[in-house]
> 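Pasting a structure below so you can have a look.
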Amino acid sequence: MTADFTYAVDADGVATITWDVARKSMNVMSLEGFALLDSMIDRALADQDVRGVIITSGKKDFAGGMDLNVIAQMRAGGAQAIFDGVMQMHGVLRKIERAGMEPNTLKGAKPIVAALPGTALGIGLELPLSCHRIIAADNPKAKIGLPEIMVGIFPGAGGTTRLVRKMGAMMAAPFLLEGKLSDPKAAKGAGIIDEVVAPEDLLARAKEWVLAAKEADLVKPWDAKGYKMPGGAPYHPAGFQTFVGASAMVHGKTMGVYPAAKALLAAVYEGALVPFDAALRIEARHFTSVLMNPSSAAMIRSLFINKEALEKGAVRPAVADQAVRKLGVLGAGMMGAGIAYVSANAGIEVVLIDAAQEAADRGKSYSEGILDKGMKRGKVTAEKKAEVLGRITATTDYAALAGCDLIVEAVFEDPKVKADVTAKAEAVIPQDAIFATNTSTLPISDLARASARPKQFIGIHFFSPVDKMMLVEIIKGRQTGDVAVAKALDFVRQIRKTPIVVNDARFFYANRCIIPYINEGIRMVAEGVEPALVENAAKLVGLPLGPLQLVDETSIDLGVKIAKATRVAMGDAYPDAAVDAVLFWMADEGRLGKKANAGFYAYDAAGKRLGLWDGLAGKFPVAEDQPTLTEVQHRLLMAQVLEAVRALEEGVLTDIREGDVGAILGWGFAPWSGGPFSWLDILGAARAVEICEGLEAAHGARFRAPALLREMAGKGETFYGRFAPEKRAA
Ligand code: NAD
């Protein structure tokens with residue numbers, strides 16, 4: 001095994017510890033790596049010829065963080081093992097911080113400086129925070145921060161305790177609670193790092209600092225006498241306000257469903273009341289409890305490990321690289337304009353076609369609008385704007401599609417219009433080009449009939465707004481070949497989004513689950529359930545929007561359109577008449593949702609939501625007896641989750657990782673749960689079946705537990721046990 005760190009001492013007695021993990025483009029910390037770092041620190045502190053230490057990286061970045069696979073393994077050892085492991089880590093970082101200092105006089109330490117060439121995240125910042133000084137190269141692409149909260153944990157290697165003591169709770173809040181990342185200059189401005197220098201001067205400046213450091217430079221404020229926490233500790237009047245406010249704010253944002261946010265706040269609050277070393281112990285205890293919580297395990301699995309695996313092509317067929325060079329986008333409406341923007345922004349040449357030049361130009365000006373906003377915020381330069389716009393040709397002329405290796409069609413949702421543009425494009429594009437449709441409701445295999453090359457025909461389903469939504473659903477038609485799938489996946493990778501690949505079926509995967517969720521909410525309104533109960537039940541279980549707000553956002557008339565088409569397709573088997581009674585009435589009343597400033601919610605003239613519309617009760621009176629919060633939540637969750645299980649049963653989904661990641665990124669399915677399959681695993685199949693039986697008895701067959709779930713309940717199986725990716729047929 002090659003070593004993750006190397007150690008060298010120069011003629012002036014400055015030791016350099018260089019982090020450079022072999023065969024990885026980014027350093028990540030492993031347990032072995034940490035042990036090696038520890039031994040090198042011991043060596044430097046023990047060696048009388050060493051005057052100080054530089055900790056740096058052999059790569060362009062410093063480190064991406066802890067290897068989250070290691071965190072997943074640590075959990076297997078149980079709570080005590082995690083706590084012991086974390087305390088050991090604290091011991092090493094504390095050793096760096098004290099650096100051989102005599103505890104009473106605070107003298108005799110050796111200077112240790114962190115020299116960061118680029119990105120430093122998670123433990124990659126917690127380690128520098130334990131050093132006496134952090135010097136970063138002026139690299140505007142570098143990201144500095146503690147993003148742990150984004151995957152359901154919090155900085156547990158002293159980052160929480162040190163950042164709060166360095167900056168104060170209020171200033172540290174966005175970095176800890178929101179995982180805010182900054183470039184080096186901004187990080188210096190915020191007080192996270194100490195110095196930014198030209199990249200070529202980084203090591204020389206670090207050495208200069210080590211050689212010039214005085215005893216006082218090596219004592220952290222919290223180790224010095226009379227230390228007071230910036231902004232005030234909890235019982236200081238200012239601190240009191242901060243902590244009370246933070247508690248309310250965090251609860252308001254998370255609805256209490258994210259264990260990491262609560263534990264982080266507790267670690268900060270309790271830690272602020274005690275000396276530094278006790279605070280580290282408190283941090284370790286809360287960190288352990290978060291790691292032992294099934295929610296954090298599920299979040300790490302879905303939001304980090306599996307999301308990354310899908311982005312790296314876990315389900316990609318083994319064919320040659322299919323990176324897109326020239327993209328044709330048909331239809332420059334809301335979706336086409338967005339697809340053109342994200343593609344041009346990723347460096348792809350784009351031909352944007354619409355029926356009228358004016359419409360094509362309008363589609364291109366959408367990119368201009370986004371880039372202008374970016375310029376205002378200082379994120380986009382004039383050159384970058386010109387470059388991106390220069391890549392988009394807006395035209396009505398299909399001949400411009402010559403040489404396109406991928407087409408994404410986003411014209412009206414009408415099979416005839418789609419067939420027409422498919423034929424027109426195929427007449428011009430190369431024989432081996434791939435043709436994708438962005439349809440949201442029409443079966444891919446049906447649309448493929450208009451193609452002369454159905455093997456090269458595929459669905460690439462974006463979500464709106466395209467530039468913000470990170471999920472892309474790739475749909476295989478009956479005849480779609482491997483090259484088309486690889487092309488779609490390589491395209492999604494180029495535009496830096498997350499793909500899932502599903503088979504063709506009504507509403508594919510995401511919409512198939514979202515529609516029953518919306519319908520269940522509307523159905524409850526028809527039954528007389530208090531609309532506020534429906535909406536709050538959803539939010540209190542971690543869904544970003546209640547079903548009534550969601551239908552307002554996507555528009556009531558779209559709901560009506562989908563309901564009518566589904567009714568035609570399903571005939572007598574159509575199960576949603578009760579939903580339509582509400583939906584169609586709302587449409588008749590002109591309450592078409594947010595775009596009409598009137599829907600299930602009332603809006604002011606500027607489009608701001610005011611609250612639930614009180615006119616609804618006139619038509620659908622609120623019943624005397626109301627269900628419990630839990631029952632409403634079970635209905636709303638099971639409506640989505642059972643669809644996900646059916647999609648798996650029917651082979652629409654072929655990988656539960658895609659089902660979970662797709663649900664969180666596609667429609668915000670309770671991220672704390674790790675996704676529908678993770679939620680069922682947390683609940684246990686037997687308990688899930690029991691809930692379904694209760695719901696089925698009270699509300700009908702739509703809640704009948706799928707055979708797969710029953711079978712798993714009988715055998716005591718979990719989804720991640722039974723369908724673990726390594727068990728997939730190779
Ligand atoms: P839109 O009405 O905003 O845009 C459609 C565009 O296609 C219009 O600019 C129109 O002029 C153009 N067009 C129509 N016929 C054409 C033709 N023959 N040749 C060239 N251009 C033509 O619609 P949209 O919301 O962008 O939806 C486009 C497609 O994307 C639909 O299939 C829709 O189902 C799908 N989709 C929409 C969403 C969404 O949230 N709106 C999400 C996912 C997928």
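Computed from a prediction, not measured in an experiment: that's the story for all the values here. For ligands, and for the atoms within them, numbers begin at 1 and follow the listed sequence. Here, residue 1 is the first one in the sequence, and each next residue gets the next number.
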> For the atom pair CD1 (Ile518) and CD1 (Ile556), what is the distance rounded to the nearest 0.5 Å?
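One gets 9.0 Å once the value is rounded to the nearest 0.5 Å.
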
> Counting distance only, does the side-chain N/O of Asp552 pair as donor-acceptor with the main-chain N or O of Tyr601 below 3.5 Å?
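Yes.
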
> Using side chain to side chain contact (heavy atoms under 4.5 Å, CB included) as the criterion, list what pairs up with Leu303, not counting sequence neighbours.
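Here the qualifying residues are Val151, Met299, Ile664.
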
> Do Thr439 and Glu413 touch side chain to side chain, with heavy atoms closer than 4.5 Å?
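Answer yes - side chains close enough.
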
> Heavy-atom cut-off of under 4.0 Å around ligand 1: list whichever protein residues fall inside it, by chain and number.
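Lining ligand 1 at under 4.0 Å, by heavy atoms, one finds Gly331, Ala332, Gly333, Met334, Met335, Asp354, Ala355, Tyr398, Ala410, Val411, Phe412, Glu413, Val417, Lys418, Val421, Asn438, Thr439, Ser440, His461, Phe462, Ser464.
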
> Find out whether Ser464 and Met334 are in side-chain contact, i.e. whether some heavy atom of one side chain is under 4.5 Å from a heavy atom of the other.
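Ser464 reaches Met334 side chain to side chain.
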
> Name the residue from Val472, Asp467, Leu471 that meets the side-chain contact (heavy atoms from CB on, under 4.5 Å) definition with Phe462.
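Among Val472, Asp467, Leu471, the one meeting side-chain contact (heavy atoms from CB on, under 4.5 Å) with Phe462 is Val472.
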
